[in-house]
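Below, chain A is the first sequence line, B the second, and so on; all start at residue 1. Below, all heavy atoms of this structure are taken into account, side chains as well, without hydrogens, waters or symmetry copies.
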There are 2 protein chains.
Amino acid sequence: MIYNDDSAIGKRLRRLSHIIDYDARRLYKEHGIHFEQRWFGVINELMSNGPMSVKELSVSLKITHVSVSETRKSLEIKNYIQSTPDKDDARRRLLSITDEGQLFIKTISPIWGALEEVSKELNEETNNVVQGLDKLDAALTKTSLYERALMKIR
Amino acid sequence: MIYNDDSAIGKRLRRLSHIIDYDARRLYKEHGIHFEQRWFGVINELMSNGPMSVKELSVSLKITHVSVSETRKSLEIKNYIQSTPDKDDARRRLLSITDEGQLFIKTISPIWGALEEVSKELNEETNNVVQGLDKLDAALTKTSLYERALMKIR
DNA sequence: TGACAATATGTAGGCACCTACACATATTGT
DNA sequence: ACAATATGTGTAGGTGCCTACATATTGTCA
């Protein structure tokens with residue numbers, strides 16, 4: 001008996017995300033730029049929406065507040081963003097891009113532009129794999145893999 | 001300017017693989033079984049092909065020998081597999097499943113069976129997302145994301 | 001209004017993978 | 001035959017995400 005279970009999907013997802021992350025990192029590196037993939041979402045959101053809290057970012061990026069918090073820290077150390085306590089709610093910190101961050105964005109925008117084109121190209125070459133991934137996301141949101149498996153076992 | 005580059009693909013891949021890994025882990029856990037996702041490939045290969053070396057496993061699983069080596073160690077600690085030096089080549093270690101490993105496989109096979117069904121179900125609900133992922137893999141193998149991006153920049 | 005629940009953020013530790021490097025053993029070419 | 005090279009495996013450390021837990025602040029309602 002040879003199994004070919006969801007790890008067939010999970011495995012592919014893992015492999016591809018690592019390949020893409022690695023190649024993107026290499027691209028920045030070869031251009032003499034230190035850029036961490038996880039920065040992208042936060043920078044992009046702040047760029048388009050202005051100041052946002054950790055929680056807000058975690059919702060729109062669909063990752064945990066913990067990840068956002070860690071990313072915030074690394075971006076703040078680099079001085080690309082800053083965080084100020086919200087006066088109306090002392091629990092929240094409002095993150096925003098610094099002037100240095102703006103400069104950094106200018107530096108990397110040619111790379112972002114290139115990657116965006118590549119993204120489109122790849123999606124075309126794969127018969128819209130993005131749509132398939134979104135369907136997978138929706139399917140799992142509706143009924144989780146855990147629930148689905150439980151039903152099969154019983 | 002709002003970018004929506006390959007991180008749009010990379011991000012989705014990362015998110016989905018984490019969701020799937022987490023849910024699968026939860027499934028084992030709730031059945032009182034400690035199972036690590038990374039074990040699946042190695043166990044499955046050894047099950048269907050008999051003893052294999054670290055290198056051979058890394059090739060057929062399309063992961064690095066380092067990952068296989070780490071997985072080997074954890075499976076060996078659990079006493080689910082054993083490794084013996086190859087007499088014809090002292091550099092190689094041949095990995096094989098132990099009797100205890102066989103028993104363990106019996107324990108988890110209902111779960112593997114369920115997950116396999118779920119996998120098929122999900123692939124149907126997503127218009128064959130697996131095919132899309134394989135196309136993405138092939139596209140990136142032919143011309144890497146790095147190369148593609150370089151061409152766009154110049 | 002004051003205890004209890006909800007919310008926002010942070011820290012510690014885990015997971016599955018990776019590269020860079022180190023080491024031992026085999027293979028090759030002159 | 002033996003130095004140079006290739007191959008198999010292992011360790012150290014990194015990446016981006018996660019859960020579980022801790023802490024501080026805010027909101028709620030008897």
Could you give the [atom1]-to-[atom2] distance, from [X] to [N], as a whole number of Å?
X	N	atom1	atom2	value
A:D23	C:dC17	CG	P	18 Å
A:L94	C:dT9	CG	C1'	13 Å
B:Q37	C:dG14	CD	P	18 Å
A:R15	D:dG16	CZ	P	19 Å
B:F40	C:dC17	CZ	C1'	17 Å
A:L57	C:dG10	CG	C1'	15 Å
B:H18	C:dC17	NE2	P	11 Å
B:D88	C:dT27	CG	C1'	15 Å

Nearest to the side chain of [X], heavy atoms from C-beta on, is which of [options]?
X	options	value
B:D89	C:dA26, C:dC15, D:dT25	C:dA26
A:I63	C:dA8, D:dC17, D:dG10	D:dC17
B:A90	C:dC18, C:dA16, C:dA26	C:dA26
B:S67	C:dC18, D:dG16, D:dT11	C:dC18
A:V54	C:dC17, C:dT9, D:dC18	C:dT9

Query raised in the report: Do B:R91 side-chain and D:dT7 base share a donor-acceptor contact under 3.5 Å?
Result: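 When only heavy-atom distances are counted, B:R91 does reach the base of D:dT7 through a donor-acceptor pair under 3.5 Å.
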
Report task. Can you check whether any acceptor in the base of C:dC15 is under 3.5 Å from a donor in the side chain of B:E70, or vice versa? Result -> no

Could you check whether [X] gets within reach of a base, just the sugar-phosphate, or nothing at all, counting any heavy atom under 4.0 Å?
X	result
A:R25	sugar-phosphate
B:V68	nothing
A:R93	sugar-phosphate
B:S53	sugar-phosphate

Would you say a side-chain N or O of [X] is under 4.0 Å from OP1 or OP2 of [N]?
X	N	result
B:R72	D:dG10	yes
B:S69	D:dG10	yes
A:K73	C:dT11	yes
B:R92	D:dG8	no

Query raised in the report: Can you check whether B:S60 reaches B:E45 side chain to side chain, under 4.5 Å on heavy atoms?
Result: yes

Query raised in the report: Relative to each other, are the rings of A:F35 and A:W112 parallel, tilted or perpendicular (30° and 60° limits)?
Result: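 It falls in the perpendicular class, over 60°.
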
Requested in this report: Can you tell me the pairing partner of D:dC18 across any strand shown, Watson-Crick or G-U wobble, with both distances under 3.5 angstrom?
Outcome: C:dG13

Report task. For A:K29 and for A:E56, find the nucleotide of DNA chain C with the closest heavy atom, then tell me which residue's nucleotide is more 5'. Result -> A:E56

**Report entry** Upstream residue (5' side of DNA chain C) when A:K55 and A:Y22 are each assigned their closest nucleotide
**Finding:**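 Of the two residues, A:K55 wins.
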
**Report entry** Upstream residue (5' side of DNA chain D) when A:K62 and A:H34 are each assigned their closest nucleotide
**Finding:** A:H34

Query raised in the report: Are B:H65 and the base of D:dT9 stacked, counting only ring centres nearer than 5.5 Å and planes tilted under 30°?
Result: yes

Using a strict threshold of under 4.0 Å (side-chain N to carboxylate O), is an ion pair present between [Y] and [X]?
X	Y	answer
A:E36	A:R25	no
B:R12	A:D137	no
B:K152	A:E116	no
A:D21	B:R14	yes
A:K135	B:E125	no

